[in-house]
Amino acid sequence: MKSAWPASLALLAALIALWWAASLSGWFSPAFLPTPQATAASLTEGLRGDLLQASLATLGRMLQGWLLASVGGIALGATIASSATLRPWVQPTLEFLRPLPASAVMPLAIALYGLSPAMVLSVVAFGSLWPTLLATVHGIASVEPRLIDVARCLRLSRAAFLWKMGLPNAVPDILAGLRLSLTVALIVSTLGEMLASQDGLGLAILVASRAYRASELFACLVLLSLIGLAGHGLLVMAGRWLLRGQRH
C-alpha cells in the first residue's frame, strides 16, 4: 500500500502542473479558472474567516445525517436480513427505492420542513441510508449456511445470531457501505445548502460563482475534497482495526 504513495503524489503534482499551465495559457478567463497560487491565497485567507465556519457547518451537517443513516441502516438492515419471512417481502421495495436520487425528494422535504436545516438533514439522512442498509442486508444474508446450521443446533436467538455471526460476517460489507454513504452525505449536504441557503460550503460556492470569484470557488472545492479524503481515510483505518483478526 505504501508503494502506491509515490505514484499518487506524482499524479497529483502532474494535475496541479496541468492546472497551472492551463490557467496561465490565456485559453481560459481568470474569472472561470484561477491559478493554483490564487486558489491557495483564497484558501489561506478564507480559513482565517468565513470559510472555516462554512467548513465546520458542512462537516457537522454531513456527520449528523451520516450518523443517523448509519445507525438506521445497520439496524433496519439487520432486522430485514435476519428474517427469512420479511426479506422476500421488503427487498423488492428496497431495490425500487434505492435508485431514487436524494435530490429528487428535496421538493417533498421542502414541503414538509420548508427551507430549514431540518430539510437538509432529512435529505442527507435519506440519501445516505441506502448504501449502508443494502450492504448490511447483503452481508448478513451471505452468512455461511453451515454457520446457520450451527446456530440452529445451539438454539441461538435471533439477537444472539446477529451479534455473534451475522454482524461480524457483514463488517466488510458494512464498512464499504459506510464509506459510500459518507460520500453521498457530503454531496447532498452541499446541494442542500445551495438550495436552502444554509450556512456551509455549498452556499459559499453559490455566492462565489454568482460573484465570479473563481479563486474562492476553487478554494471551497479544495475544502470539500479534503473533507471527503479525511473521512475516507478515517473509515479505512477503522476498517483495518476492525478486520485485523480476519487477516491471514
Side-chain angles (χ1 to χ4, degrees), residues 1-16 47 52 55-82 94 98 102 121 124-148 150-151 156 158-190 201 221-248:
M1 199 68 178
K2 293 181 179 179
S3 60
W5 277 104
S8 300
L9 293 175
L11 177 59
L12 178 61
L15 290 175
I16 293 175
L47 287 176
L52 178 59
S55 300
L56 292 176
T58 298
L59 180 62
R61 194 168 286 116
M62 176 192 76
L63 289 177
Q64 288 178 41
W66 178 73
L67 287 173
L68 285 173
S70 299
V71 173
I74 293 173
L76 186 57
T79 302
I80 294 171
S82 62
L94 295 181
R98 178 180 62 85
L121 183 61
V124 172
F126 174 83
S128 307
L129 173 70
W130 303 105
T132 303
L133 170 59
L134 295 175
T136 304
V137 171
H138 177 269
I140 295 176
S142 62
V143 170
E144 175 65 37
R146 286 176 293 182
L147 291 178
I148 298 176
V150 170
L156 293 180
R158 183 181 300 180
F161 167 76
L162 283 174
W163 183 252
K164 296 180 179 180
M165 296 182 182
L167 287 174
N169 183 79
V171 166
D173 293 279
I174 292 174
L175 287 171
L178 290 175
R179 288 196 297 270
L180 181 56
S181 67
L182 187 65
T183 302
V184 174
L186 180 59
I187 294 171
V188 179
S189 296
T190 306
L201 290 175
L221 295 178
V222 170
L223 286 172
L224 286 174
S225 298
L226 291 176
I227 290 173
L229 181 63
H232 175 79
L234 289 174
L235 284 176
V236 168
M237 288 190 292
R240 289 175 180 171
W241 181 78
L242 289 171
L243 298 175
R244 65 193 185 282
Q246 297 185 14
R247 294 177 183 175
H248 298 286

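None of the values given here were measured: they were computed from a predicted structure. One-based numbering along the sequence shown.
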Colleague: What are the two closest non-hydrogen atoms of G139 and N169, and how far apart are they?
Modeller: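 So the minimum-distance heavy-atom pair works out to O-ND2, 2.7 Å.
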Colleague: Just verifying a value: how many Å separate L134 CG and I174 CD1, rounded to the nearest 0.5 Å?
Modeller: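 With rounding to 0.5 Å, CG (L134) is 12.0 Å from CD1 (I174).
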Colleague: Would you call V124 and S128 a side-chain contact if the rule is heavy atoms closer than 4.5 Å?
Modeller: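 V124 vs S128: side chains touch.
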Colleague: Give, for atom CG of L186 and atom CD1 of I227, the distance between the pair rounded to the nearest 0.5 Å.
Modeller: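 Going from CG on L186 over to CD1 on I227, the span is 6.0 Å.
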Colleague: Enter the distance from T132:OG1 to L175:CG here, rounded to the nearest 0.5 Å.
Modeller: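 Result: 10.0 Å between the selected atoms.
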Colleague: Counting only pairs under 3.5 Å, give me each side-chain donor-acceptor contact of residues 59-76, with atom names and distances, residues two or more places apart or in other chains.
Modeller:
from, atom 1, to, atom 2, distance (Å)
R61, NH1, E193, OE2, 2.5
R61, NH1, D199, O, 2.9
W66, NE1, L178, O, 3.2
W66, NE1, S181, OG, 2.9
S70, OG, W66, O, 2.7

Colleague: In the structure I gave you, are the side-chain heavy atoms of R179 and V236 within less than 4.5 Å of one another anywhere?
Modeller: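 Yes. Closest side-chain heavy atoms under 4.5 Å.
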Colleague: With a 4.5 Å limit on heavy-atom distance, are the side chains of I80 and T136 in contact?
Modeller: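 Counting from C-beta outward, I80 and T136 never come under 4.5 Å.
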Colleague: Quick one: CD1 on I140 to CG on L167, what's the gap to the nearest 0.5 Å?
Modeller: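 Here the interatomic distance stands at 4.5 Å.
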Colleague: Please report the shortest heavy-atom distance between A141 and A81, naming the atom on each side.
Modeller: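 Looking at all heavy atoms of both residues, the closest pair is N-CB, 4.2 Å.
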